[in-house]
Amino acid sequence: MAEKITKRDKDYSQWYLDIVQHAGLAENSDVRGCMVIKPHGFAIWENIQRALDRMFKDTGHVNAYFPLFIPKSFLTKEEEMAEGFAKECAVVTHYRLKTMAGKGVQVDPEAKLEEELIIRPTSETIIWNTYRNWIQSYRDLPLLINQWCNVVRWEMRTRLFLRTAEFLWQEGHTAHATQAEAEEETRKILEVYRSFAEDWMAMPVLTGPKSEGQKFPGAVYTLCIEAMMQDKRALQAGTSHFLGQNFAKAFDVKFQNQAGQLEHAWATSWGVSTRLVGGLIMTHSDDQGLVLPPRLAPIHAVIVPIFRKAEEKAAVCAAAQQLAAAIRSLPPDPWLNYEPWSIKVDDREQYQPGFKFNEWEVKGVPIRVELGPKDLASNACVLARRDLPGKEAKEMGVPLASAPERITTLLKEMQSKLVERARAFRDANTLEVNSYDDFKKKLEEPGGFLWAHWDGTRETENQISQETKATIRCIPFSRAKEPGKCMVTGKPSEGRVVFAKAY
RNA sequence: CGGGGCGUAGCUCAGUUUGGCUAGAGCGCAUGGUUUGGGACCAUGAAGUCGCAGGUUCGAAUCCUGUCGCCCCGACCA
């Protein structure tokens, strides 16, 4: 029997869960709020990591690793941050268990920590505490460091990939001699995120600062990339923060400038997480299953040999292996960061071809190659691309000799088609509204991104979010200078901001 | 923390109202055979301390008490 995926228009969040489950990306663990990332899901994350890590290195950053545990007192040194994260911190209070005969283990009350340790919700404090020792002179700057790690934020309600108590991410932490340089870094990283989202994930994003109410605790300002999912809700996909001298002051990080004077260093921090995998799913996938942008697909093409008799099998499988080898030996392509093409030959005997077609479709493999006795007779194969429906997707009689080139061409074509389609969807679901009444109406139907005038105050923003559940997602760099009046208070506004319901 | 629901095979669940026979089904899994160009079929088989603890009873998955856990809605979520 077919395992059915709930249709998107019937129940979008159930559809999302079905995709995650049937594509084998992740599952809930027995630990509340924590997920198990399964091999196929982790392979996508590894590809995200690989591409991003390259981009960080290319912009002069290096990787390092800081502790999982943070002394409680560190958190309190930067007040805004303490306030922002206090409610979702896991705390380690003891360092030992003791075994009780027949009763398992219990916490040893003798082993109470003198100072409790927080499990990092983010690492600014421990890192700036360390930077104090690393930074003495302007010659030590800039310090451009990134770490790949896990963090814990004790969430009340979790959703696979989108919000879990523990998640994987990267966090960059840089120190600079001047404000201008730190602000430039903040912008530079946002551009890295934007191009990664659009060129690798095929996920178009808005870029710009967050409102005061939505910024990171401890930041002077926060820049973000913001994407639209297929249910028209917004997803914050990455953030880059200008931290000013807040952490340098909190942790007493000073350097001597060329004039010999002591100054506090300027900071940035920035991160993206496994939430991106959720964004990837919700941007491209359809009612048949996962759809992946080829540049991030763990398997680019799967070859399904079709056979009945033993002698057919031998011939068809040999041809399949040969084709796979031909694709793998194509010259390294900058489009893939010179990584090899990943080709799978599915020669399992216990499943029929139809079953395999469906399985790889659900898993989002961009291209399927069908290779049977009929094809072999004419030295050809059938190609099917994942991003188009039914017969449209099929290309019959592709000569085996030219198939490798054809496949890589198709992959590149799919990549750009996917981002075009996603951009068209976002643009079709973006509108301008001019009155609060219209805003409330359009937010329910049709929904999407609403560009509206806002007076710039936190009070008005809070009022809107309480009354409508919509928040300011971004104050786009791309917005026009357009004097107007706040849709709620009528006070002057210098341009529109983007409102939406968000994940 | 408030409201609601649920714990029975790896998964989804029936059985509980009205206590009783060897605790069931579908999917999945194993073995064998027939199949194989869009989710095949037949046969056989393995698999469950009925969340846990206590109580009532001749007898408890079923009734009572306690307890643990999970899910949904709300509150919360830079």
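Order of the sequence lines fixes the chain letters, A, B, ..., with proteins taken first and strands second; residue numbering starts at 1 for each chain. Basis for what follows: all heavy atoms, side chains included, without hydrogens, waters or symmetry-related copies. Since we're looking at a predicted model, the values are computed, not measured.
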Ring geometry between A/F242 and A/W266 (parallel below 30°, tilted from 30 to 60°, perpendicular above 60°) | parallel
Provide the distance between the two C1' atoms, one in B/rG15 and one in B/rC50, to the nearest whole Å.
-> 11 Å
Distance-only criterion, 3.5 Å: show the donor-acceptor pairs between side-chain atoms of residues 346-357 of chain A and protein atoms not counting sequence neighbours.
| from | atom 1 | to | atom 2 | distance (Å) |
| --- | --- | --- | --- | --- |
| A/D346 | OD1 | A/R348 | N | 3.4 |
| A/D346 | OD1 | A/R348 | NE | 2.8 |
| A/D346 | OD2 | A/R348 | NH2 | 3.0 |
| A/D346 | OD2 | A/W360 | NE1 | 2.8 |
| A/R348 | NH2 | A/E359 | OE2 | 3.3 |
| A/E349 | OE2 | A/K313 | NZ | 2.5 |
| A/K356 | NZ | A/D346 | O | 3.0 |
| A/K356 | NZ | A/R348 | O | 2.7 |

Using a heavy-atom cut-off of under 4.0 Å over every strand shown, decide if A/E83 touches base, sugar-phosphate, or nothing.
-> nothing
Partner set under side chain to side chain contact (heavy atoms under 4.5 Å, CB included) for A/T6, not counting sequence neighbours | A/K10, A/D11, A/Q14, A/D18
Nucleic acid contacts of residues 205-214 of chain A, taken as heavy-atom distances under 4.0 Å to RNA chain B = A/G213, A/Q214
Applying side chain to side chain contact (heavy atoms under 4.5 Å, CB included) to A/E459 and not counting sequence neighbours gives A/T457
With a 3.5 angstrom cut-off on both distances, give the Watson-Crick or G-U wobble partner of B/rA46, or none if there isn't one.
-> none
Hey, does A/E349 reach any base, or is it just sugar-phosphate, or nothing, if we go heavy atoms under 4.0 Å?
-> nothing
Sugar-phosphate, base or nothing in reach of A/F216, heavy atoms under 4.0 Å | sugar-phosphate
Counting side-chain heavy atoms from C-beta on, which of B/rC77, B/rG39, B/rG38 comes nearest to A/F357?
-> B/rG38
From NZ of A/K38 across to P of B/rC11 the rounded distance in Å is 12 Å
Would you call A/E444-A/K501 a salt bridge at under 4.0 Å N-O?
-> yes
Using the C1' atom on both, measure B/rG48 against B/rU12 and round to a whole Å.
-> 15 Å
Quick one: pull up CD in A/Q288 and CD1 in A/I19 and give me the separation to the nearest 0.5 Å.
-> 9.0 Å
Taking the inter-plane angle between the rings of A/F56 and A/W148 on a 0 to 90° scale, is it parallel (under 30°), tilted (30 to 60°) or perpendicular (over 60°)?
-> tilted
Are A/F161 and A/W45 near enough that their ring centres are under 6.0 Å apart?
-> no
Rounded to the nearest 0.5 Å, the CD1 atom of A/I119 sits from the CD atom of A/E88 at a distance of 14.0 Å
Tell me the partner of B/rC41, counting only Watson-Crick (N1-N3 plus N6-O4 or O6-N4) or G-U wobble (N1-O2 and O6-N3) with both under 3.5 Å; none if nothing fits.
-> B/rG33
What is the base-pairing partner of B/rC70, counting Watson-Crick and G-U wobble geometry with both distances under 3.5 Å?
-> B/rG5
Short N-O contact, A/E226 and A/K210, less than 4.0 angstrom = yes
How long is the line joining NE2 of A/H22 and P of B/rU12, in whole Å?
-> 12 Å
Determine: side-chain N/O of A/Q352 to OP1/OP2 of B/rG38, distance under 4.0 Å, yes or no.
-> no
CZ of A/F355 versus C1' of B/rC41: gap in Å, rounded?
-> 15 Å
Determine the interatomic distance between P on B/rA61 and the same-named atom on B/rU17; round to the nearest Å.
-> 12 Å
B/rG20 and B/rC64: how far apart are their P atoms, nearest whole angstrom?
-> 15 Å
Where along residues 299-321 of chain A does a heavy atom come under 4.0 Å from RNA chain B, residue by residue in number order?
-> A/I306, A/F307, A/R308
Counting only Watson-Crick or G-U wobble pairs whose two distances fall under 3.5 Å, which nucleotide matches B/rC77?
-> none
In whole angstroms, how far is the C1' atom of B/rG39 from the CG atom of A/D346?
-> 13 Å
Is there any protein nitrogen or oxygen under 3.5 Å from a nitrogen or oxygen in nucleotides 3-10 of chain B, and what are the pairs?
none

With B for base contact, S for sugar-phosphate-only contact and - for none (protein heavy atoms under 4.0 Å), nucleotides 69-76 of chain B reads -S--BBBB
Residues in salt bridge (Lys or Arg N to Asp or Glu O under 4.0 Å) with A/R386, at least two apart?
-> A/D286
Taking the six-membered ring of A/F477 as reference, does the NZ or CZ atom of A/R194 fall below 6.0 Å from its centre and within a 45° cone about the axis?
-> no
Could you give the distance separating B/rG59 and B/rA23 at their C1' atoms, to the nearest angstrom?
-> 16 Å
Pick the C1' atom in B/rG4 and in B/rA60, then give their distance to the nearest Å.
-> 27 Å
note: A/E361, atom CD; B/rG39, atom P; distance rounded to Å ~ 12 Å
Give me the ring orientation class for A/W128 and A/Y131: parallel if the planes are under 30° apart, tilted from 30 to 60°, perpendicular past 60°.
-> perpendicular
Looking for any heavy atom pair under 4.0 Å, which part of the strands does A/E80 touch: base, sugar-phosphate only, or nothing?
-> nothing
Which residues pass the salt bridge (Lys or Arg N to Asp or Glu O under 4.0 Å) test with A/K232, sequence neighbours left out?
-> none
Quick one: list whatever passes side chain to side chain contact (heavy atoms under 4.5 Å, CB included) with A/R159, sequence neighbours left out.
-> A/S13, A/Y16, A/L162, A/Y503
Nearest 0.5 Å, what's the CD1-CD distance between A/I127 and A/E171?
-> 5.0 Å
In terms of side-chain geometry, is the basic nitrogen of A/K7 or A/D9 positioned less than 4.0 Å from the acidic oxygen of its partner?
-> no
Please tabulate, for the side chains in residues 395-403 of chain A, all donor-acceptor contacts under 3.5 angstrom to protein atoms that are two or more places apart in sequence or on a different chain.
| from | atom 1 | to | atom 2 | distance (Å) |
| --- | --- | --- | --- | --- |
| A/E395 | OE1 | A/R406 | NH2 | 3.1 |
| A/E395 | OE2 | A/R406 | NE | 2.6 |
| A/E395 | OE2 | A/R406 | NH2 | 3.4 |
| A/S402 | OG | A/P399 | O | 3.3 |

Please give the nucleotide sitting opposite B/rA61 as a Watson-Crick or G-U wobble pair, both distances under 3.5 Å, or none.
-> none
On a whole-Å scale, what distance lies between the C1' atoms belonging to B/rC76 and B/rG2?
-> 13 Å
Length of the CG-P vector between A/D18 and B/rC11, whole Å = 17 Å
For B/rU18, the Watson-Crick or wobble partner whose two distances fall under 3.5 Å | none
Figure out the CG/C1' separation between A/D347 and B/rU36, and round it to whole Å.
-> 15 Å
Could you measure between the two C1' atoms, the one in B/rC6 and the one in B/rC52, and give it in whole Å?
-> 16 Å
Would you say the side-chain atoms of A/T268 and A/T174 include a donor-acceptor pair closer than 3.5 Å?
-> yes
Can you tell me the Watson-Crick or wobble partner of B/rU12, both distances under 3.5 angstrom?
-> B/rA25
A/L235 atom CG is separated from B/rC77 atom C1', nearest whole Å, by 14 Å
Expected list for residues 367-384 of chain A near RNA chain B, using heavy atoms below 4.0 Å, is A/R368, A/E370, A/G372, A/P373, A/K374, A/D375, A/V382
